Amino acid sequence: MAVSIKVNGTERRVEVDPETPLLWVLRDTLGLTGTKFGCGIAACGACTVHVDGAAIRSCVTPVEAVAGSEVTTIEGLSPDRGHAVQVAWIAEQVPQCGYCQSGMIMAAAALLSETPRPSDSEIDEAVTNICRCGTYARVRRAIHRAARA
Amino acid sequence: MQTLFNFSRRRFLQNGAAAAGGLVLGFHLPAGGRLARAAAGEAAINAWLRIAPDDTITVTVAHSEMGQGVYTSLPMLVAEELEVDWTKVRAEFAPADQVYRNRLFGIQATGGSTSIRSSFDHLRQAGATAREMLRRAAAEAWGVPVEACRGQAGRVVHEASGRAAGYGELAAAAAKLEPPAEVPLKKPGDWGLIGTAVARLDVPAKVDGSAGFGIDVKLPGMLIATVLASPVFGGRLKSVDETPALAVKGVRAVVPLESAVAVVAEGYWPALKGLEALAPVWDEGPHAAMSDATIRAELSAALKQDGAVAHNEGDATAALAGADRRLEAAYEVPYLAHATMEPMNATARVTDTGVEVWAPTQGQGPIQHAVAGLLGIAPAQVKVHTTFLGGGFGRRFETDFVVQAVLVSKAVGAPVKLVWSREEDMRQDFYRPAAMARLRAGLNATGEPVAWHVRLAAPSIMSRALPDYVKDGIDPSSVEGAADSPYAFANQRVEYAMRHFGVPVGFWRSVGNSQNAFFVESFLDELAHAADRDPLAYRLGLLGDHPRHRKVLETAAQAAGWGRAAPEGRFRGIALHESFGSIAAEVAEISVAKGREIKLHRMTCAIDCGRTINPDTVVAQMESGIVYGLTAALFGRITIAAGRVQEGNFDSYPMLDLAQMPEVEVRIVESGAALGGVGEPGTPPAAPALANALFAATGKRIRSLPLSRHGFSAV
């Protein structure tokens, strides 16, 4: 069955089971591998993308649920790593292994678009992604830095 | 399949020597050689670097990048001697080859916090040799003495004539020269790059989604598979009706393996749906009745008997008997999973003419040997492409997931990317061993320890992974951090009782140190309190002939404000531990609400790793090691029932998150001593520092982990 979705500004028509999670459509069907698979149960946030500007966990979101919505992945966040969050991430040297970072960045970007100057507790509330390298302290610093930019 | 993992270090060394042939000293390969991989116009100066006409320098990184920063710090070593403009430096992962072996292991592999230590000399030598060849190429071109030519910021300069040429211009001629045998290296005082906080080369690709991890590999005609191994350890696949999986749209094949079943499809989702539709029948094998209770009973019984002696000084038994006071305590830790963020995966392409593997791996050498053994070919015929690793922590030293990918690719005759579910990743790990300890100490009238007796009981990792290391019943990885204490115990005895269970065990960030630091540093804290002494002062009093340890401990304590009152309601705990050639001390500052809700306010850490290559990397690794240790101390527990792991995902095996994350402050103590590692040493002190702080806060001495078992939570 075909589903039409709009990803990073482009209309895409994909031939998949409509219940397929958006994550796997992005990764396996569209080749957008910046969005990561971590748990499959919306527990870790590695798969975070924006749907109409809000951060969602794509591993549990059926592709049919986002038909007609604007999906933005890490690849579409900026053409040149120029988004304030990416700039702050580089300045704070946040990533280690890097695997969770696309999801972290998408969660942070969604938070800042909603709450331009988040408090620490607002960051705690919004960024619940898991990082096994323990980059959390730098993530927090980078979000504050991006907020000031 | 278990025999595949039974590689011996000696065999590796023998094969390694053969494969390396004449390249004993190692790093030079003629330009255009099989490892040069130079693109058009580029010149490979040696196996470690090539230079493009635009002066871009590409450094080959033989170690795996799993977050610890080697993709940057190893090129820094080459660049320091090469005298280059750092902005021109790029990194690239090495192919699998004995030239790129870890000099401390004899095979190409990353682990044991050895990347810098095993590369420090030969990478600087590679850079220095290349610089000399570039100087000579310039001198010959200009007809001037080589001594008058200097390498500087990516150019060779002849000051007398004012001539200068970029390395890119000189590289082709330089590559044709015979490399000098040995070039003197800079003295530490002359370093310009080493010791500076250079920005990581991999960060840009890790903020825009373009960094290629194993799970991102895509090949023409590639299929995607997922797998379920026998949920009971040691079980085998008896039979499986393939029909329900084949009925799922997109599924191409079901591949039964010896102890697992894989489903191959057009994508991960149909593969997973297909796998879930199957009802494989397992021969559960000998471990179907195994549980935490059976394992704990056997470990506990082992503690009641004498173990193999790992360390003996004086007469601990007599000194205990004659002591004014005696203390005894039993400690315990559970199995732990690695839970890398990127689940295990590998891509294989097996054809009639050979095999290629793409993998997020810490063990290129082990992969070559495992796959070669499987297919009956020579290790050198196994091509391994290393990707970025979404975490490693020791898990990716194993080759099990690669072997599966190779078998499945061979079975279906197509390139296959095999991706594990999170549940498979958690249930088919090589776990940090569960361990128990009985510790006894005798104090004299003034509270000083005059006897120290530790008995450890745990499964052995090395017996499977590197059996040559096991001698006289001692697996050095099981007793590390307990048998080599820096504290001055006049009479001490450390014993180890090796016990084997059906649960696979492996290298988990800091290995034996991860539990032994908890045992030793917690019990030492008990001694200090029993003696009514300050835990810091008590430790310092036992470190008379260890000035580096004292300095590290004092640095952490001072930075943490030890000795000054903590803010209202907050309490501190301290721990010290040496591992992988580095010494780390940590102070945990916490508060506890309602007797059970732990708030981690601050972790203060001091680290002496000898010399620092990249200070920001050292800080990041301490932050990382601390979080890894705290997560395990708070929540980490793999439980076994009916021979299988009960946990399956992050809901049942929780992780510390951003809201629970303490501030971390790191002080680097630059001692100039021999290089130590940084990937692991931050982990061991975290658990005892936290448990000691918890004692200060609540008066409860927690002797078994995780803290969540005792009703504590993190807020």
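Convention: sequence-line order gives letters A, B, ...; per-chain numbering from 1. Nothing here was measured: the structure is a model prediction, and the numbers come from that model.
Between A:Leu30 and the options A:Thr35, A:Ile5, A:Val71, a side-chain contact (heavy atoms from CB on, under 4.5 Å) holds for only A:Ile5.
Side-chain contact between B:Pro360 and B:Asn345 is present, with heavy atoms from C-beta onward closer than 4.5 Å.
Only the side chain of A:Arg81 comes within contact range of chain B, with at least one heavy atom under 4.5 Å from a heavy atom of that chain. Looking at B:Val627, the atoms closer than 4.5 Å to chain A (heavy atoms on both sides) all sit in the side chain, from C-beta outward. Contact annotation for B:Thr631: only side-chain heavy atoms (C-beta onward) come within less than 4.5 Å of a heavy atom of chain A. Heavy atoms of B:Leu658 lying under 4.5 Å from chain A belong to its backbone as well as its side chain. Contact annotation for B:Val217: neither backbone nor side-chain heavy atoms come within less than 4.5 Å of a heavy atom of chain A. Both the backbone and the side chain of B:Tyr268 come within less than 4.5 Å of a heavy atom of chain A. Proximity to chain A (any heavy atom under 4.5 Å) is restricted, for B:Phe393, to the side chain, taken from C-beta onward. Heavy atoms of B:Pro204 lying under 4.5 Å from chain A belong to its backbone as well as its side chain. Heavy atoms of B:Asp425 lying under 4.5 Å from chain A are absent altogether. B:Ala620 touches chain A through backbone and side chain together, each having a heavy atom under 4.5 Å away. Within the 4.5 angstrom heavy-atom criterion, only side-chain atoms of A:Ile105, from C-beta onward, approach chain B. The contact between B:Met66 and chain A is made entirely by backbone atoms, counting heavy-atom distances below 4.5 Å.
Cation-pi geometry between B:Arg509 and B:Tyr628 is satisfied (NZ or CZ under 6.0 Å from the ring centre, within 45° of the ring normal).
A salt bridge is absent between B:Arg200 and B:Asp616; no separation between the charged side-chain nitrogens and carboxylate oxygens falls under 4.0 Å.
Aromatic ring orientation, B:Phe93 versus B:Tyr71: tilted (interplanar angle from 30° to 60°).
Of all the listed residues (A:Cys97, A:Gly134, A:Gly34), the one sharing the greatest number of non-hydrogen pairs under 4.5 Å with chain B is A:Cys97.
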